[in-house]
Number of protein chains: 2
Amino acid sequence: MNQDSILRALVADNLVSDPTSARGRLLHEAARLFRDKGYERTTVRDLAAAVGIQSGSLFHHFRTKEEILKAVMVETIRLNTALMQAAVDAAETDRDKLQALVRAELESINGQTGEAMAVLVFEWRSLSEASQAYVLRLRDIYEQLWLDVLEALRHAGMLAAEPFVVRRMLTGALSWTVTWYRPDGGLTLDDLTEQVVAMMGLKASRA
Amino acid sequence: MNQDSILRALVADNLVSDPTSARGRLLHEAARLFRDKGYERTTVRDLAAAVGIQSGSLFHHFRTKEEILKAVMVETIRLNTALMQAAVDAAETDRDKLQALVRAELESINGQTGEAMAVLVFEWRSLSEASQAYVLRLRDIYEQLWLDVLEALRHAGMLAAEPFVVRRMLTGALSWTVTWYRPDGGLTLDDLTEQVVAMMGLKASRA
DNA sequence: CAATACCAAGCAAGCGCTTGGTTTGTAAAC
DNA sequence: GTTTACAAACCAAGCGCTTGCTTGGTATTG
């Protein structure tokens with residue numbers, strides 16, 4: 001399963017919008033605008049202009065502006081959960097699984113879905129409470145992928161801190177790369193992955 | 001130099017507003033509101049109501065709403081830079097200095113100045129470019145404190161990754177605690193500091 | 001008696017969203 | 001293979017409300 005086929009499978013199940021459809025293009029532009037200017041500073045007129053329609057026509061596709069924000073977040077989580085799952089499945093050892101997760105999350109934050117991931121981090125409070133609860137449930141699935149791997153490492157004596165603390169620190173550290181990492185800065189995502197794993201100082205397995 | 005005397009010195013030099021003055025109280029309330037609802041969602045009427053005056057009266061103290069956001073950020077950085085400097089100076093070894101910095105930053109994020117620190121992280125884009133540039137210069141001083149310590153550790157062979165990468169990861173990891181850490185959750189800031197330092201897996205000095 | 005701090009009222013602009021009507025794509029009916 | 005039918009997609013206009021900020025005047029304080 002490569003990235004493209006994972007995306008296609010989700011589109012087929014109607015869990016993610018086809019990027020070439022009107023809805024898909026709007027969500028992509030919305031993610032970019034929300035990241036660049038913030039949700040509140042982005043007007044429905046901005047969103048409409050970005051896809052070349054009138055502001056009123058937006059409401060043919062979405063009932064409210066907030067629904068657009070929610071859709072950006074929901075679809076992003078769905079896609080990345082599937083990508084993460086594939087990354088974990090493809091790795092052999094727990095250490096490799098962790099490295100694969102770090103690499104995949106860095107990719108999701110700084111690659112194709114980067115705009116949407118930044119929105120997920122920085123525009124959280126602009127979601128209504130009901131939407132927050134919904135997105136949170138999706139996020140839990142995603143987080144469990146991490147915790148399973150970290151707990152295995154902890155159990156093997158390779159991890160010096162509590163898995164849930166480690167995961168939260170990693171969430172912050174990796175999310176934050178969106179504010180400073182630039183692929184043309186002489187540091188590849190592989191380099192970065194290596195540095196992160198090195199920094200964590202995993203010990204040799206007791207087993 | 002304890003924390004109170006550091007604050008008093010800054011107030012005396014007019015670098016930070018007296019927390020008991022009208023301006024100081026407004027900035028404190030503004031930080032709280034900006035963190036809770038975001039800068040854009042917080043209206044000047046909200047701000048005025050929080051200190052018990054009319055919205056128009058705000059503009060006697062600040063020329064624009066953005067100036068309030070800028071003041072929150074500037075004063076917070078000034079205070080925390082001074083606190084950090086004191087923490088570093090008080091520690092002996094480089095390892096202890098790092099631990100002191102981690103502890104101090106966790107304190108600043110989750111303690112008294114927590115609201116303002118969260119604003120600094122999440123409301124950055126709401127600042128005008130001119131203000132961003134100004135705040136960035138102040139931040140550089142603060143960051144250099146960290147880099148000096150991390151470079152010393154690296155030089156001693158205790159650090160497995162590049163200092164500037166480590167600092168950026170730490171910035172993200174520690175900032176992120178504001179979204180999940182609760183002091184009443186059975187984990188003290190000391191515990192957390194310990195876990196962070198443990199997670200980094202500092203090696204024994206070569207010296 | 002001047003400066004500082006505030007109030008009451010409201011303006012101009014921009015906001016999300018609605019409305020009534022027109023175009024466009026598609027596919028069956030003839 | 002043209003006509004008819006109809007929904008989806010869109011436009012032009014603008015409504016009602018909120019926003020940051022201004023104005024002219026009044027207390028309060030040293």
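Order of the sequence lines fixes the chain letters, A, B, ..., with proteins taken first and strands second; residue numbering starts at 1 for each chain.
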Once you measure the plane-to-plane angle for W180(A) and F164(B), does it fall in the parallel (<30°), tilted (30-60°) or perpendicular (>60°) bin?
perpendicular

Quick one: what's the B/S/- string for nucleotides 12-17 of chain D, heavy-atom cutoff under 4.0 Å, read 5' to 3'?
S-B---

For residues 62-75 of chain B, which residues have at least one heavy atom under 4.0 Å from DNA chain D?
T64(B), K65(B)

Is there a donor-acceptor contact under 3.5 Å linking the side chains of S17(A) and E75(A)?
yes

If each of T42(A) and I53(B) is mapped to the nucleotide of DNA chain C with the nearest heavy atom, which maps nearer the 5' terminus, i.e. the 5' end?
I53(B)

Would you list the pairs meeting salt bridge (charged side-chain N to carboxylate O under 4.0 Å, His left out) in which at least one residue belongs to residues 172-193 of chain A, sequence neighbours left out?
R103(A)-D190(A)

To the nearest Å, give me how far apart CG (D46(B)) and C1' (dT18(D)) are.
11 Å

With no hydrogens and no angle check, just 3.5 Å: does a side-chain donor-acceptor pair link Y142(A) and E105(A)?
yes

Separation of dT19(C) P from F59(A) CZ (nearest whole Å):
12 Å

With no hydrogens and no angle check, just 3.5 Å: does a side-chain donor-acceptor pair link E129(B) and Y134(B)?
no

Would you please confirm or rule out a distance under 4.0 Å between OP1 or OP2 of dC10(D) and any side-chain N or O of H61(A)?
yes

Give the residues of residues 127-135 of chain A touching DNA chain D, defined as any heavy atom closer than 4.0 Å, sorted by residue number.
none

Side-chain N,O (H60(B)) to OP1/OP2 (dA5(C)) below 4.0 Å
yes

Taking D89(A) first and then K97(A), would you say they form a salt bridge - that is, a charged N and a carboxylate O separated by under 4.0 Å?
no

Would the number of heavy atoms belonging to other residues, nucleotides or ligands and lying under 6.0 Å from CZ of R95(A) be above 12?
no

Sequence neighbours excluded and cut-off under 3.5 Å, please list the side-chain donor-acceptor pairs for residues 24-31 of chain A, or say none.
{"from": "E29(A)", "atom 1": "OE1", "to": "R32(A)", "atom 2": "NE", "distance (Å)": "3.3"}
{"from": "E29(A)", "atom 1": "OE1", "to": "R32(A)", "atom 2": "NH2", "distance (Å)": "2.7"}

Once the angle between the rings of F34(B) and Y39(B) is folded into 0 to 90°, is it parallel (under 30°), tilted (30 to 60°) or perpendicular (over 60°)?
perpendicular

Is there side-chain contact between S108(A) and L83(A), with heavy atoms separated by less than 4.5 Å?
no

For a 4.5 angstrom cut-off between non-hydrogen side-chain atoms, does L174(B) reach W176(A)?
no

Separation of dT19(D) P from Y39(B) OH (nearest whole Å)
13 Å

Examine the side chains of S131(B) and E66(B) and answer whether a donor and an acceptor come within less than 3.5 Å of each other.
yes

For D148(B) and Q144(B), does a side-chain donor sit closer than 3.5 Å to a side-chain acceptor?
yes

Using a 4.0 Å cut-off on heavy atoms, which residues in residues 18-38 of chain B reach DNA chain D? List them by number, or say none.
none

